[in-house]
Amino acid sequence: MMTLTMFAVFLTQVLLGLPLFIALLATAVVGFLFVDPAMIPRMMPQQFFGGINAFSLMAIPLFILAGNLMNASRLTDRLMGLARLLVGHLRGGMGHVNVVSSVFFAGVNGSAVADTSALGSLLVPPMRKEGYSTAFAAGLTAGSSLIGPIIPPSIFMILYASLTNTSVGDLFLAGVIPGLLLGAAFMAMNAWYARRRGLEKRGSWPGSAELGRAALGALPALIAPFIIVAGIVMGLVTPTESGALTALYVALYGLAMGNLGPRDFWRAIVDTTRLTAAIFIIMAASATVSWLLSYAQVPSQFVELLTPYIEQPVVILVLLSAITFITGMFMEEVSALMLLTPIFAPVAMMAGIDPVHLGIIITLNITIALITPPMGACVFVAAAVSRLEITALFRTIWPFVVTALLVLAALILFPSLTLWLPTTLG
């Protein structure tokens with residue numbers, strides 16, 4: 001009764017358009033009324049603060065800052081220039097540039113929404129000129145941006161690690177192959193579209209000399225992901241220290257090259273503060289609701305519900321994925337991750353599922369929700385930058401959702417795709 005009432009209260013407030021953190025806090029108050037109203041002044045502030053009182057979470061604003069500084073330093077322009085030289089001469093070249101740029105950008109900021117905004121405004125117009133429909137260009141931009149939270153660094157993985165005490169370094173390594181698979185799947189989809197639409201090749205192979213110069217120019221940006229992953233995996237730095245080092249490296253490079261002025265630096269800090277505040281207040285409110293669900297023994301009830309399938313890890317992962325997918329369609333991704341992970345983790349442990357594998361499956365599920373109606377943030381951004389009606393894009397986004405789900409199915413069926421790299425290098 002308590003859980004159903006909390007869900008009804010939360011859904012009503014979301015439909016009324018209240019800010020998500022207020023809806024979560026009001027839902028928590030209703031839950032405390034069921035448990036013990038006297039606990040509200042004591043436990044609610046404690047759980048609210050406890051939800052963000054973790055040193056590892058400090059990595060989130062630092063990684064966001066590093067990405068914003070890289071954009072301000074114009075290093076991302078060099079990454080896109082390298083992507084153009086690598087695949088721009090192929091049939092459907094601008095679509096391939098879109099996907100490869102997303103792979104490069106994924107190692108910079110790990111934000112799908114930021115990638116959609118940056119790439120959409122730069123690549124949708126030339127894709128239209130090449131012969132793409134606006135709907136496909138916007139859909140490919142939104143779809144390929146899903147690579148951002150999978151290839152490290154990833155805000156979702158840091159949150160998952162803080163909730164389950166899983167190694168951030170292992171999660172980052174585990175995300176590399178799935179991220180590249182996602183990129184390959186979208187490139188295959190783009191190649192099929194280009195051939196079917198009869199798009200012509202434009203340009204020719206640039207040659208090793210020109211390609212080498214572009215790679216050298218983009219090298220400072222390409223070094224950043226290695227600073228992040230290598231430092232954590234080798235045990236030299238914590239994720240938080242890695243984020244600080246990356247932000248410092250990008251800032252010093254931008255200042256040395258004269259591309260990062262005081263105004264650019266201040267704008268990057270302001271943007272980082274706004275996004276961090278939005279993420280953290282949702283995390284804190286979600287943590288309060290999560291504690292109530294644990295107090296009401298919802299995780300144990302969920303374990304009992306799935307006990308008949310506990311000997312079948314693939315079935316368990318499919319069921320958890322289905323629940324996450326549906327939840328992500330109607331709930332903001334950070335809050336969905338914060339609420340579902342504490343419930344799913346005990347089930348996965350009983351089924352013998354590796355926590356790193358589970359982390360990648362949940363992360364990809366939550367990420368796919370960014371392009372699913374009716375709440376997919378990347379779809380709204382892609383529609384805005386491409387000047388397309390949101391309803392039109394919602395109708396045409398499903399092939400991209402299916403493509404991402406096929407990659408998810410491969411990861412569920414073949415755990416080695418996620419575990420091979422951390423097992424080899426860990």
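FYI, side chains are in, hydrogens and waters are out, and symmetry mates aren't considered; it's all heavy atoms of this structure.
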Going by atom types only, do [X] and [Y] share a side-chain donor-acceptor pair under 3.5 Å?
X      : Y      : answer
Tyr132 : Asn190 : yes
Ser286 : Ser335 : no
Thr164 : Thr166 : yes

Is a side-chain N or O of [X] found less than 3.5 angstrom from the main chain of [Y], in a donor-acceptor match?
X      : Y      : answer
Ser145 : Ala142 : yes
Arg78  : Gly217 : yes
Tyr309 : Leu319 : no
Glu130 : Gly93  : yes
Ser167 : Asp170 : yes
Ser154 : Ile150 : no
Asp264 : Gly261 : yes
Ser290 : Met338 : yes
Thr363 : Ile360 : no
Thr276 : Thr273 : no

Going by heavy atoms in the side chains, are [X] and [Y] under 4.5 Å from each other?
X      : Y      : answer
Pro239 : Phe172 : no
Met349 : Pro355 : no
Val29  : Val9   : no
Leu370 : Glu333 : yes
Phe325 : Leu364 : no
Val289 : Phe10  : no
Ile155 : Pro149 : no
Val356 : Leu173 : no

Point-to-point distance, once rounded to the nearest 0.5 Å, from [atom1] of [X] to [atom2] of [Y]:
X      : Y      : atom1 : atom2 : result
Phe32  : Thr288 : CZ    : OG1   : 6.5 Å
Leu146 : Leu408 : CG    : CG    : 11.5 Å
Ile366 : Leu340 : CD1   : CG    : 6.0 Å
Ile147 : Leu180 : CD1   : CG    : 8.5 Å
Leu358 : Ile362 : CG    : CD1   : 4.0 Å
Asp354 : Thr418 : CG    : OG1   : 7.5 Å

Take atom [atom1] in [X]; do more than 12 heavy atoms of anything else shown fall under 6.0 Å from it?
X      : atom1 : value
Gln312 : CD    : yes
Met58  : CE    : no
Arg274 : CZ    : no
Trp398 : CH2   : yes

Could you walk me through whether Met94 and Asn98 pass the side chain to side chain contact (heavy atoms under 4.5 Å, CB included) check? CA-CA 6 Å; Met94 290 310 300; Asn98 196 323; over 6 Å; no

Could you please spell out the steps behind the side chain to side chain contact (heavy atoms under 4.5 Å, CB included) verdict for Thr396 and Phe136? CA-CA 8 Å; Thr396 56; Phe136 188 89; over 6 Å; no

From CA spacing to verdict: ring pair (Phe, Tyr, Trp, His ring centres under 6.0 Å), Phe186, Tyr193: CA-CA 10 Å; Phe186 283 121; Tyr193 176 89; over 10 Å; no

Taking every non-hydrogen atom, the tightest pair across [X] and [Y]:
X      : Y      : answer
His357 : Ile412 : CE1-O, 4.2 Å
Thr240 : Leu62  : O-CD1, 3.2 Å
Ile361 : Ser321 : CG2-OG, 3.4 Å
Leu292 : Val35  : CD2-CG2, 4.0 Å
Gly254 : Ser73  : CA-OG, 3.6 Å
Arg84  : Val97  : CA-CG2, 3.7 Å

When the aromatic ring centroids of Phe280 and Phe21 are compared, is their separation below 6.0 Å? no

Verify side chain to side chain contact (heavy atoms under 4.5 Å, CB included) between Leu123 and Met80, making sure each step is shown before the conclusion. CA-CA 10 Å; Leu123 292 177; Met80 192 174 296; 4.1 Å; yes

Pair Leu25, Phe48 - check side chain to side chain contact (heavy atoms under 4.5 Å, CB included), show working. CA-CA 9 Å; Leu25 288 176; Phe48 183 88; 3.8 Å; yes

